[in-house]
Enquirer: 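Just passing along the structure, written as structure tokens.
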Amino acid sequence: MRTYTWVAGLLLISACATAQVEPRGENPAIRFNTLFGSTGLITVPTSTTTRHERFQLGTAFGKDTRTVSLNWGIFPSIEVGGVFVDRQNADNKVLGTAKVTIIPQNFDWLEIGLGTIDPFDAIERTAYGIASVNVSVPDEAQGRVVGLRVHLGYGTGLFRDKVIGGGEIFLGEQFSIVAEYNGADTNAVLRYIHDENLRMQLGVQGKVLHFATTYGLSF
């Protein structure tokens, strides 16, 4: 049964190539579904939300856990989502997620994300707050092709009531290196941006191989 679920999930993602994708000019590299759904790094959410009136469909294969997630930019700077979680040696669960992005007045270089994962406590109710800062933005006109974005916050539940965070190093338009600390493990992946809709990443999460994909869509 689990094999059929994952085959169906992958076929659904493949079919999404026919849907409208996010418009050119947006940076799809920062919009990636985490293992438990919320837009972010590998398992750690960032301040970024799904674009307004767009969807993000993701699959992730992590340590003892496989997920299919869907996020919706229901309002500007607000996303809600759902995650199907297939856990090794444990019952499958469906989780909800939600996040809002706040840009403090007079601090347009700073974004703050406040969110929740599993608010109904199917696995572990989690709340988090995280700040994101663009340290360096790629600008080919100025000969700057490498960018840096950093994140720092705090999370309960899945994040063990600890400081969490990470960073993204953008290597041109198609690749970025992503690293994080989620309160228990330090994880890292190489992220590949195929085009405005397809994103993939491969690396290590919880000392095992991690692979994930995300599609940005509108219908």
Side-chain angles (χ1 to χ4, degrees), residues 2 4-17 19 21-22 28-75 78-88 90-101 113-128 130 155 157-159 164 166 178 180 182 187 189 191-194 197-203 205-206 210-219:
R2 290 186 176 183
Y4 294 145
T5 299
W6 286 103
V7 169
L10 291 173
L11 289 174
L12 178 61
I13 283 181
S14 298
C16 286
V21 301
E22 296 186 39
I30 65 172
R31 291 187 169 89
F32 204 105
N33 289 14
T34 57
L35 182 65
F36 289 103
S38 301
T39 301
L41 304 176
I42 305 161
T43 62
V44 172
T46 63
S47 66
T48 302
T49 53
T50 307
R51 296 189 68 250
H52 182 216
E53 297 183 341
R54 271 35 176 217
F55 295 85
Q56 285 179 184
L57 175 65
T59 59
F61 300 79
K63 183 180 180 182
D64 301 327
T65 304
R66 296 171 291 184
T67 62
V68 177
S69 59
L70 183 67
N71 291 329
W72 176 27
I74 187 170
F75 296 114
I78 299 176
E79 74 174 23
V80 295
V83 192
F84 173 79
V85 182
D86 179 359
R87 298 180 295 165
Q88 185 174 339
D91 293 339
N92 298 339
K93 297 291 184 179
V94 176
L95 315 182
T97 66
K99 177 170 41 171
V100 58
T101 299
L114 302 175
T116 181
I117 301 170
D118 191 16
F120 304 109
D121 203 22
I123 296 177
E124 190 164 11
R125 183 181 293 115
T126 299
Y128 62 87
I130 194 152
L158 294 169
F159 304 119
I164 57 176
V178 178
E180 66 170 25
N182 63 12
N187 309 311
V189 296
R191 183 173 292 177
Y192 169 64
I193 309 305
H194 180 70
N197 61 326
L198 173 60
R199 308 132 207 195
M200 297 180 284
Q201 62 186 24
L202 178 67
Q205 178 247 321
H210 173 90
F211 174 71
T213 65
T214 292
Y215 279 85
L217 308 167
S218 61
F219 297 93

Enquirer: Mind checking side-chain hydrogen bond (donor to acceptor under 3.5 Å, both in side chains) for Thr43 and listing every partner two or more places apart, or none if nothing turns up?
Expert: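 For Thr43, the residues satisfying side-chain hydrogen bond (donor to acceptor under 3.5 Å, both in side chains) (neighbours in sequence not counted) are Glu180, Asn182.
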Enquirer: Let me confirm one number: the CG-CD distance from Asn71 to Gln56, rounded to the nearest 0.5 Å.
Expert: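 Output value for this atom pair is 5.5 Å.
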Enquirer: Does the side chain to side chain contact (heavy atoms under 4.5 Å, CB included) test come out yes or no for Thr126 and Phe159, once each step is laid out?
Expert: CA-CA 7 Å; Thr126 299; Phe159 304 119; 3.6 Å; yes
Enquirer: On a heavy-atom basis, which atom in Ile130 and which in Ser47 lie closest, and how many Å separate them?
Expert: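 Scanning both residues completely, I find the closest heavy atoms to be CG2-N, 3.7 Å.
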Enquirer: Are Thr214 and Met200 side-chain neighbours, meaning at least one heavy-atom pair lies under 4.5 Å?
Expert: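 No, side chains not in contact.
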Enquirer: Going by the rule side-chain contact (heavy atoms from CB on, under 4.5 Å), which residues pair with Ala122 if we only count those two or more places apart in sequence or in a different chain?
Expert: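 Lys93, Leu95, Asp118.
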Enquirer: Mind checking side-chain contact (heavy atoms from CB on, under 4.5 Å) for Val189 and listing every partner two or more places apart, or none if nothing turns up?
Expert: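 For Val189 the side-chain contact (heavy atoms from CB on, under 4.5 Å) partners, ignoring immediate neighbours, are Ile42, Val178, Gln201, His210.
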Enquirer: Quick one: which of Asn92, Asp86, Thr59 gives a side chain to side chain donor-acceptor pair (under 3.5 Å) with Arg66?
Expert: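 When side chain to side chain donor-acceptor pair (under 3.5 Å) is applied between Arg66 and each of Asn92, Asp86, Thr59, only Asp86 qualifies.
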Enquirer: If you look at every heavy atom in Gly96 and Pro119, which pair is closest and at what distance?
Expert: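 Heavy atoms only, the tightest pair is O-CD, 3.1 Å.
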Enquirer: Does some side-chain heavy atom of Thr97 sit less than 4.5 Å from a side-chain heavy atom of Lys99?
Expert: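 Result no, sub-4.5 Å side-chain heavy-atom pair not found.
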Enquirer: Return the CG to CD1 distance between Leu158 and Ile164, rounded to the nearest 0.5 Å.
Expert: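 If I round to the nearest 0.5 Å, the distance is 10.0 Å.
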Enquirer: To the closest 0.5 Å, what do you measure between CG (Asp64) and CD (Gln205)?
Expert: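 Here the interatomic distance stands at 9.0 Å.
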Enquirer: Residues two or more places apart in sequence or in another chain: which of them pass ring pair (Phe, Tyr, Trp, His ring centres under 6.0 Å) with His194?
Expert: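 Result, ring pair (Phe, Tyr, Trp, His ring centres under 6.0 Å) vs His194: Tyr192.
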Enquirer: If the condition is side-chain contact (heavy atoms from CB on, under 4.5 Å), which residues does Ser69 pass it with, not counting sequence neighbours?
Expert: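 Residues passing side-chain contact (heavy atoms from CB on, under 4.5 Å) with Ser69: Asn33, Val83.
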Enquirer: Leu70: what forms a side-chain contact (heavy atoms from CB on, under 4.5 Å) with it, not counting sequence neighbours?
Expert: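 Phe55, Leu57.
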Enquirer: Output the distance between atom CH2 (Trp72) and atom CD1 (Ile74), rounded to the nearest 0.5 Å.
Expert: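 Trp72 CH2 to Ile74 CD1: 4.0 Å, rounded to 0.5 Å.
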Enquirer: Using every non-hydrogen atom in the two residues, find where Thr39 and Glu79 come nearest and quote the distance to one decimal.
Expert: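 In this case the closest contact between Thr39 and Glu79 is OG1-OE1, 2.8 Å.
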Enquirer: Mind checking the CD1-CZ spacing from Ile117 to Phe36? Nearest 0.5 Å is all I need.
Expert: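 That separation rounds to 7.5 Å.
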Enquirer: What heavy-atom pair brings Ile30 and Arg191 nearest, and what distance separates the two atoms?
Expert: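 Looking at all heavy atoms of both residues, the shortest contact is CA-NH1, 4.4 Å.
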Enquirer: List the atom of Ala98, the atom of Tyr128, and the distance in Å for their closest heavy-atom pair.
Expert: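 Closest heavy-atom pair between Ala98 and Tyr128: O-OH, 4.1 Å.
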Enquirer: Could you give me the CA-CA distance, side-chain angles and deciding distance for Arg199 and Arg31, then say whether side chain to side chain contact (heavy atoms under 4.5 Å, CB included) is met?
Expert: CA-CA 9 Å; Arg199 308 132 207 195; Arg31 291 187 169 89; 3.5 Å; yes
Enquirer: With distance as the sole test, does Thr48 use its side chain to make a donor-acceptor pair with the main-chain N or O of Thr46 at under 3.5 Å?
Expert: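 Side chain of Thr48 to backbone of Thr46, a donor-acceptor pair under 3.5 Å: no, none is there.
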Enquirer: Can a donor-acceptor pair be found, under 3.5 Å and without considering hydrogens, that links the side chain of Thr34 to the backbone of Ser38?
Expert: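 Yes.
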Enquirer: Which heavy atom of Arg87 sits nearest to which heavy atom of Val85, and what is that distance?
Expert: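 Closest heavy-atom pair between Arg87 and Val85: CG-CG1, 3.5 Å.
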